[in-house]
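Before any comments, here is the structure.
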Amino acid sequence: MTVEAQKEERRNLSPYHGLWTLTSRELKKWYKAPVILLLSIIQPIFWIALFGKAMNLGSIFTGTSINLPGITIPKSIIDQIGQEILKQTFGTTDYFSFLAAGMLSFIVLFTSMQSGMSIVWDRRLGVLDRILTTPVPRGNIIIAKVLNSVIRSLVQATIVLVVAVLLGMTFAPGVNALDFLGVYTALFLMSFGLSSLFLMLALRASDWQSQMAIMNLLNLPLLFTSNAFYPIKSMPSWLKPIAYVNPLTYSNGAIRGLLLGIQTNLTIDFLYLGLFALILSTIGILLSWKYLSM
């Protein structure tokens with residue numbers, strides 16, 4: 001065997017063989033399709049600009065005075081009461097900033113949710129069969145799709161964050177680069193775990209309609225059983241245990257703690273997200289060996 005053949009064999013046996021090739025293939029389908037790229041950029045802007053501002057609860061508690069028979073409560077007093085209610089309820093007096101932080105996790109959820117569709121289409125179009133004939137480890141097929149989803153999620157989350165700042169999102173005093181690094185770490189871990197989850201659910205799917213049904217089934221429950229729009233303490237008692245196992249809860253907690261200064265346990269947040277990503281990606285790789293077949 002020649003030296004070149006030996007080097008090629010070692011590359012084929014490498015656990016990273018073909019990983020970046022498959023990842024770049026997935027990314028090209030995104031950034032080389034102008035319509036898809038444009039929609040993926042516009043969508044988060046619409047979410048934060050329209051939905052975010054429409055749910056700005058701060059205006060409900062401030063900006064007016066109350067006239068009762070014989071009593072007029074000045075606007076300044078109402079504003080002070082409103083600010084205190086917001087502070088006690090959300091941990092900040094700026095509900096838009098609270099909501100914008102939650103929107104980062106929601107955009108990551110929405111993008112990660114679509115990761116399973118790529119493997120469904122690859123199977124229907126015969127691309128998956130061709131990939132399986134190569135020496136690329138089957139686990140790398142899954143991880144490549146997960147990485148593609150993670151990169152797309154972080155790009156769109158960045159767009160949401162920039163637009164949110166332009167629309168008035170404010171950060172806690174003293175926020176620095178390490179805080180932003182922590183935010184992206186939390187989003188990375190959550191996206192890695194969620195993408196692995198939806199890919200696991202799509203491993204045996206051959207019909208895009210069934211996969212869409214799964215996505216629609218899990219989308220809103222994951223969103224509304226988290227603290228994306230309101231804190232867990234405001235939830236009914238039966239919903240709180242569900243919120244405490246929802247990864248979005250811990251992602252939102254980490255983001256708000258780092259950017260807004262809202263009290264949270266960052267150790268628990270990152271530990272949960274790390275275990276969530278590790279366990280689901282491991283299960284996804286193991287299942288890929290069992291269910292990805294010719």
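All heavy atoms count here, side chains included; hydrogens, waters and symmetry mates do not.
Residues Leu222 and Phe198 come closest through the heavy atom pair CD1-CZ, 4.4 Å. Taking all atoms of both residues into account, the shortest heavy-atom contact from Asn227 to Gly253 is ND2-N, 4.2 Å. Between Ile232 and Lys240, the closest heavy-atom pair is O-CE, 3.3 Å. Between Met200 and Gly284, the shortest heavy-atom distance links the atoms CG-CA, 3.5 Å. The shortest heavy-atom contact between Ala101 and Asn252 is O-OD1, 3.9 Å. Nearest heavy-atom pair across Leu27 and Arg152 is CD2-CG, 4.4 Å.
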Take Thr92 and Arg256 through the side-chain contact (heavy atoms from CB on, under 4.5 Å) test and state the conclusion after the steps. CA-CA 10 Å; Thr92 176; Arg256 288 169 178 151; over 6 Å; no
Pair Ile255-Leu187, side-chain contact (heavy atoms from CB on, under 4.5 Å): steps then yes or no: CA-CA 9 Å; Ile255 294 169; Leu187 293 175; 3.6 Å; yes
Set out, in order, the CA-CA distance, both residues' side-chain angles and the distance that settles side-chain hydrogen bond (donor to acceptor under 3.5 Å, both in side chains) for Thr158 and Tyr184, then state yes or no. CA-CA 9 Å; Thr158 301; Tyr184 279 94; 2.7 Å; yes
Quick one: do Leu248 and Met190 satisfy side-chain contact (heavy atoms from CB on, under 4.5 Å)? Show the steps, please. CA-CA 7 Å; Leu248 269 72; Met190 187 186 70; 3.8 Å; yes
Please lay out, stage by stage, how Ser226 and Asn246 fare under the test side-chain hydrogen bond (donor to acceptor under 3.5 Å, both in side chains). CA-CA 6 Å; Ser226 74; Asn246 190 333; 4.6 Å; no
Run the side-chain contact (heavy atoms from CB on, under 4.5 Å) test on Ile283 and Leu197 for me, step by step, so that the C-alpha distance in whole Å, both residues' side-chain angles and the decisive distance to 0.1 Å come before the verdict. CA-CA 9 Å; Ile283 296 174; Leu197 171 63; over 6 Å; no
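Counting heavy atoms from C-beta outward, Leu201 and Leu218 have side chains that approach closer than 4.5 Å.
No donor-acceptor distance shorter than 3.5 angstrom exists from the side chain of Tyr230 to the backbone of Phe90, with no hydrogens or angles considered. Within the 3.5 Å criterion, the main-chain N or O of Val146 finds no donor-acceptor partner in the side chain of Ser149.
The aromatic rings of Phe188 and Phe192 lie tilted to each other, with the angle between the two planes from 30° to 60°.
Using a 4.5 Å cut-off between side-chain heavy atoms of Ile, Leu, Val, Met, Phe, Trp and Tyr, with links allowed through other members, Leu286 and Leu199 fall into different hydrophobic clusters. Cluster membership for Phe106 and Val162, using ILVMFWY side-chain heavy atoms within less than 4.5 angstrom, is not shared. Hydrophobic clustering, with ILVMFWY side chains joined whenever heavy atoms are under 4.5 angstrom apart, keeps Leu194 apart from Leu217. In the hydrophobic clustering of this structure, Leu278 does not group with Val108; members are Ile, Leu, Val, Met, Phe, Trp, Tyr whose side-chain heavy atoms approach within less than 4.5 Å, directly or through other members. Residues Leu166 and Met169 do not share a hydrophobic cluster, defined by chaining ILVMFWY side chains whose heavy atoms lie under 4.5 Å apart.
Atoms CE and OG1, on Met235 and Thr249 in that order, are 6.0 Å from each other to the nearest 0.5 Å. The OG1 atom of Thr111 sits 12.5 Å away from the CD1 atom of Ile151 when rounded to the nearest 0.5 Å. Separating the CG atom in Leu104 from the CG atom in Leu99 is a distance of 10.0 Å, to the nearest 0.5 Å. Interatomic distance, Ser195 OG to Ile143 CD1, rounded to the nearest 0.5 Å: 10.0 Å. Taken from CG in Leu280 to CG in Leu275, the straight-line distance is 10.5 Å, to the nearest 0.5 Å. Rounded to the nearest 0.5 Å, atoms OG1 (Thr170) and CG (Leu259) are 10.5 Å apart.
Taking the six-membered ring for Trp and the full ring otherwise, the centers of Tyr244 and Tyr272 sit at least 6.0 Å from each other.
The one candidate from Ser112, Ser281, Ser191 that meets the side chain to side chain contact (heavy atoms under 4.5 Å, CB included) condition with Ser196 is Ser281. Applying side chain to side chain contact (heavy atoms under 4.5 Å, CB included) to Leu258 and the options Asp179, Leu178, Leu181, Val175 leaves one that passes, Asp179.
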